[in-house]
Amino acid sequence: DSEIAKGHIRQGADVLRMISVYEEKVKNGELVHKVRLVADGRFHKNHGPTYSPTPSREELLILLHICAARGWDYWHVDEVRAFLNAPKQTLKKVYAKISGDGGYWEIVKAVYGLKDAARDYHDAVEDRLINKLQFRKLELCTSVYAKRFSPDSVVLVYDYVDDFIFTGADSTAVVNEINDFRKCATTTDPILNADLLLGIEVTRQKDLNLIHVTMKRRIEDLRVKYPGAIKTKRNVPMPRNGYALRPQDFESFAPSKRRVLSKEEIESYMSIVGSLLWIQGVRLDIIFAVLYLTWNAKSPLQHHMDMAYYVIGYLSTTSDMPLILGGVDVIQVITYIDASHGTGPNSRSITGSLTKLNALSGAVAAKASAQSTVKLSSFESELDGVTTGLKKSAHIKNALAEMGVKHNAVAQLKNDNKAMIEFVKGDGVAKGV
């Protein structure tokens with residue numbers, strides 16, 4: 001009733017304009033055209049809680065490694081019209097205004113564009129998995145749920161917003177859980193061992209217990225959008241002389257390299273960096289180069305744009321290079337850690353780490369970052385890095401235990417600094433380190 005709606009609006013209810021959003025995407029090898037009505041959330045003032053946990057790519061890689069190493073099958077399920085299946089939780093009235101229609105429409109579902117829509121949908125998914133299907137959310141994971149049937153039988157669900165990946169050692173139990181899940185939600189048909197997951201290409205060699213993960217499509221998008229970046233083949237993510245931080249580092253550069261980018265060029269630069277941040281989740285070899293680009297996002301120079309193009313050229317040259325997961329069925333957490341003393345912004349040290357689940361496989365987690373404080377010695381820098389590595393190693397090891405996945409009880413931490421190794425082993429105490 002329009003009069004009732006107007007009464008609520010006079011009392012402070014939000015009125016949001018609905019916008020038609022058109023999208024093209026490739027799904028199962030076919031071009032799909034989609035259109036949806038999205039609320040203009042900029043004017044959504046009276047909303048409920050907005051926090052929703054960010055899905056973890058690291059957890060997906062851990063699950064794919066387990067599937068490869070143990071020979072587990074996995075199924076991909078996509079919920080249809082996902083947000084619209086979740087009720088709007090806040091009791092505050094919100095109305096929609098559609099162009100060409102004189103009425104007001106009360107919003108009762110988690111419509112796309114509402115500031116609390118992601119939170120409402122996430123809560124609906126948790127209620128479905130935990131309360132209706134009796135799964136347990138893992139305390140050490142943001143996106144993984146588990147349901148145990150016996151010490152050797154567990155079904156795991158990875159939730160990436162409205163995409164769900166089911167896996168476990170007992171395929172019959174997994175399929176039964178998928179069927180129960182689909183009774184609670186409208187979904188696409190489950191895809192067994194899908195070769196495309198969340199924009200990631202997955203190639204399985206089941207006879208060798210291997211999974212190859214690539215990002216060819218995302219890299220191809222960059223190739224098409226920035227053809228100037230792929231004119232020259234690149235064999236490294238960034239050249240050594242491209243790493244410039246201090247004012248004196250730029251003195252040898254030509255004036256054209258030192259100019260500040262225009263507003264339009266900065267937008268292009270930020271778009272490239274955003275794409276690279278997504279790609280680095282699988283292409284771990286570009287993590288440090290992307291870190292360097294993010295440091296200069298506020299006022300990038302032409303040099304930084306050149307380095308962004310250099311990374312695209314490298315990805316283009318090596319687009320077929322996969323991240324290989326699995327191999328032997330013995331799972332052991334192995335973390336490699338190193339630090340570069342005083343080479344980051346404001347003389348801070350840089351920590352680099354990666355974690356594998358066996359020595360011959362690719363990494364399931366990797367990170368490069370500037371340390372939070374300035375260190376006075378390389379030993380201090382290495383100690384900061386080793387502390388970070390120990391935390392990451394313990395986190396992944398405990399997450400595996402919570403998943404119910406058998407693994408080597410002893411985790412390994414590898415570092416190349418002799419003083420640090422002696423300190424950790426206790427030898428450094430006697431030697432006065």
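Values reported hereafter were calculated over all heavy atoms of this structure, with side chains retained and with hydrogens, waters and symmetry mates removed. All values reported here derive from a predicted model rather than from experimental measurement.
- At most 12 heavy atoms of other shown residues, nucleotides or ligands fall within 6.0 angstrom of atom CD in Glu139.
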| request: Evaluate the salt bridge (Lys or Arg N to Asp or Glu O under 4.0 Å) criterion for residues Arg119 and Asp123: first the C-alpha distance (whole Å), next the side-chain angles of each, then the deciding distance (0.1 Å), finally the verdict. | output: CA-CA 6 Å; Arg119 169 65 175 260; Asp123 288 351; 3.2 Å; yes
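- No donor-acceptor pair closer than 3.5 Å links the side chain of Lys216 to the backbone N or O of Asp320.
- Judged by distance alone, with hydrogens and angles left aside, the side-chain atoms of Gln332 form a donor-acceptor pair with the main-chain N or O of Val410 at under 3.5 Å.
- Partner of Asp40 under the side-chain contact (heavy atoms from CB on, under 4.5 Å) criterion, out of Val15, Leu114, Ile19: Ile19 alone.
- A salt bridge links Lys206 with Asp73: the closest approach of a Lys/Arg side-chain nitrogen to an acidic carboxylate oxygen falls below 4.0 angstrom.
- By the 6.0 Å and 45° rule, Lys34 does not stack over the aromatic ring of Tyr22.
- Minimum heavy-atom separation, Ala399 to Cys141: CB-SG, 4.1 Å.
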| said: Does Ser381 form a side chain to side chain donor-acceptor pair (under 3.5 Å) with His341? I'd like the steps, not just the answer. | reply: CA-CA 6 Å; Ser381 299; His341 178 62; 2.8 Å; yes
| request: May I have the step-by-step check of side chain to side chain donor-acceptor pair (under 3.5 Å) for Asn398 and Glu402, ending in yes or no? | output: CA-CA 6 Å; Asn398 291 333; Glu402 199 177 12; over 6 Å; no
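- Looking at Phe288 and Leu291, their side chains come closer than 4.5 Å, going by heavy atoms from C-beta outward.
- The main-chain N or O of Ile324 is never found under 3.5 Å from a side-chain atom of His212 such that the two would form a donor-acceptor pair.
- Taking the six-membered ring where the residue is Trp, Tyr104 and Tyr95 present perpendicular rings, their angle passing 60° and hence far from 30°.
- Contact check for Phe135 versus Glu177: side-chain heavy atoms found under the 4.5 Å cut-off.
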| said: Would Thr388 and Lys367 count as a side chain to side chain contact (heavy atoms under 4.5 Å, CB included) here? Give the steps. | reply: CA-CA 10 Å; Thr388 300; Lys367 186 177 182 180; over 6 Å; no
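- Sorted by first and then second residue, the salt bridge (Lys or Arg N to Asp or Glu O under 4.0 Å) pairs with a member in residues 368-396 read Glu58-Lys392, Lys375-Asp384; sequence neighbours excluded.
- Look at Asp329 and Lys406 and you find no salt bridge, because none of the NZ, NE, NH1 or NH2 atoms lies under 4.0 Å from a carboxylate O.
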| request: Determine, stepwise, if the pair Val174 / Tyr74 fulfils side chain to side chain contact (heavy atoms under 4.5 Å, CB included). | output: CA-CA 9 Å; Val174 177; Tyr74 63 87; over 6 Å; no
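- Ile66 contributes atom CD1, which lies 10.0 Å from atom NE2 of His407 (distance to the nearest 0.5 angstrom).
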| request: Determine, step by step, whether Leu301 and Val260 satisfy the side chain to side chain contact (heavy atoms under 4.5 Å, CB included) criterion, reporting the C-alpha distance in whole Å, the side-chain angles of both residues, the deciding distance to 0.1 Å, and the verdict. | output: CA-CA 4 Å; Leu301 307 180; Val260 178; 3.7 Å; yes
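- Other residues, nucleotides and ligands contribute more than 12 heavy atoms inside 6.0 Å of the NZ atom of Lys109.
- Contacts of Val282 classified as side chain to side chain contact (heavy atoms under 4.5 Å, CB included), with partners at least two apart in sequence or in another chain: Arg57, Ile200, Val213, Met215, Leu323.
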| message | One pair to check against side chain to side chain contact (heavy atoms under 4.5 Å, CB included): Leu16 and His44. What are the steps and the verdict? | response | CA-CA 7 Å; Leu16 306 180; His44 188 195; 4.0 Å; yes
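- Panel note: side chain Ser349, backbone Gly342; a donor-acceptor pair is recorded below 3.5 Å.
- Taking the six-membered ring where the residue is Trp, the centroids of Tyr292 and His304 are separated by under 6.0 Å.
- Proximity of Val94 to Asn46: side-chain heavy atoms (C-beta onward) are nowhere separated by under 4.5 Å.
- Looking at heavy atoms from C-beta onward, Val405 lies in side-chain contact with Arg70 at the 4.5 angstrom threshold.
- For the residue pair Arg348 / Gln371, no side-chain donor-acceptor distance below 3.5 Å is found, with atom types taken as modelled.
- Applying the side chain to side chain donor-acceptor pair (under 3.5 Å) test to every pair with at least one member in residues 232-256, sequence neighbours left out, gives no pairs at all.
- Within the 3.5 Å criterion, the main-chain N or O of Thr90 finds a donor-acceptor partner in the side chain of Lys88.
- Panel note: side chain Thr317, backbone Gly313; a donor-acceptor pair is recorded below 3.5 Å.
- Listed by chain and residue number, Ser271 satisfy the side chain to side chain contact (heavy atoms under 4.5 Å, CB included) test with Lys225 (two or more places apart in sequence, or in another chain).
- With rounding to the nearest 0.5 angstrom, the OG atom of Ser99 is 9.5 Å from the CG atom of Leu37.
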| message | As a quick check of understanding, evaluate side chain to side chain donor-acceptor pair (under 3.5 Å) for Thr351 and Ser369, giving each step before the final call. | response | CA-CA 5 Å; Thr351 298; Ser369 61; 5.3 Å; no
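- Side-chain N or O atoms of Arg283 include one that pairs as donor or acceptor with a backbone N or O of Thr318 at under 3.5 Å.
- Heavy atoms only, all atoms of each residue included: Val311 and Ala289 are closest at CG2-CB, 3.9 Å.
- Counting heavy atoms from C-beta outward, Lys356 and Leu354 have side chains that approach closer than 4.5 Å.
- One distance of note links CD1 of Ile266 with NZ of Lys298; it measures 11.0 Å at 0.5 Å rounding.
- Atom-to-atom distance recorded for Asp120:CG and His47:NE2 is 11.5 Å, nearest 0.5 angstrom.
- Separation of atoms CG (Leu84) and CD (Glu79) is listed at 10.0 Å; rounding is to 0.5 Å.
- Counting heavy-atom neighbours within 6.0 Å of Arg136 CZ, excluding the residue itself, gives a total above 12.
- Exactly one residue among Asn408, Leu357, Asn358 makes a side-chain contact (heavy atoms from CB on, under 4.5 Å) with Ile331. That residue is Leu357.
- Rounded to the nearest 0.5 angstrom, Leu400 CG and His395 NE2 are separated by 10.5 Å.
- Using a 4.5 Å heavy-atom cutoff, the side chains of Glu24 and His33 are in contact.
- Residues meeting the ring-ring contact (aromatic ring centres under 6.0 Å, His included) test with Tyr314, sequence neighbours left out: none.
- Between Leu129 and Lys137, the closest side-chain pair of non-hydrogen atoms is not below 4.5 Å.
- A salt bridge links Arg223 to Glu220: one of the charged nitrogens lies within less than 4.0 Å of a carboxylate oxygen.
- Between the side chain of Asp14 and the main chain of Lys45, a donor-acceptor pair closer than 3.5 Å is present.
- Taking the side chain as every heavy atom from C-beta outward, Phe181 and Arg128 approach each other to under 4.5 Å.
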Report all side-chain donor-acceptor pairs from residues 155-166 shorter than 3.5 Å, counting only partners two or more places apart or in another chain.
| unit_1 | atom_1 | unit_2 | atom_2 | d |
| --- | --- | --- | --- | --- |
| Tyr158 | OH | Ser56 | O | 2.7 |
| Asp159 | OD1 | Val161 | N | 3.3 |
| Asp163 | OD1 | His76 | NE2 | 2.8 |

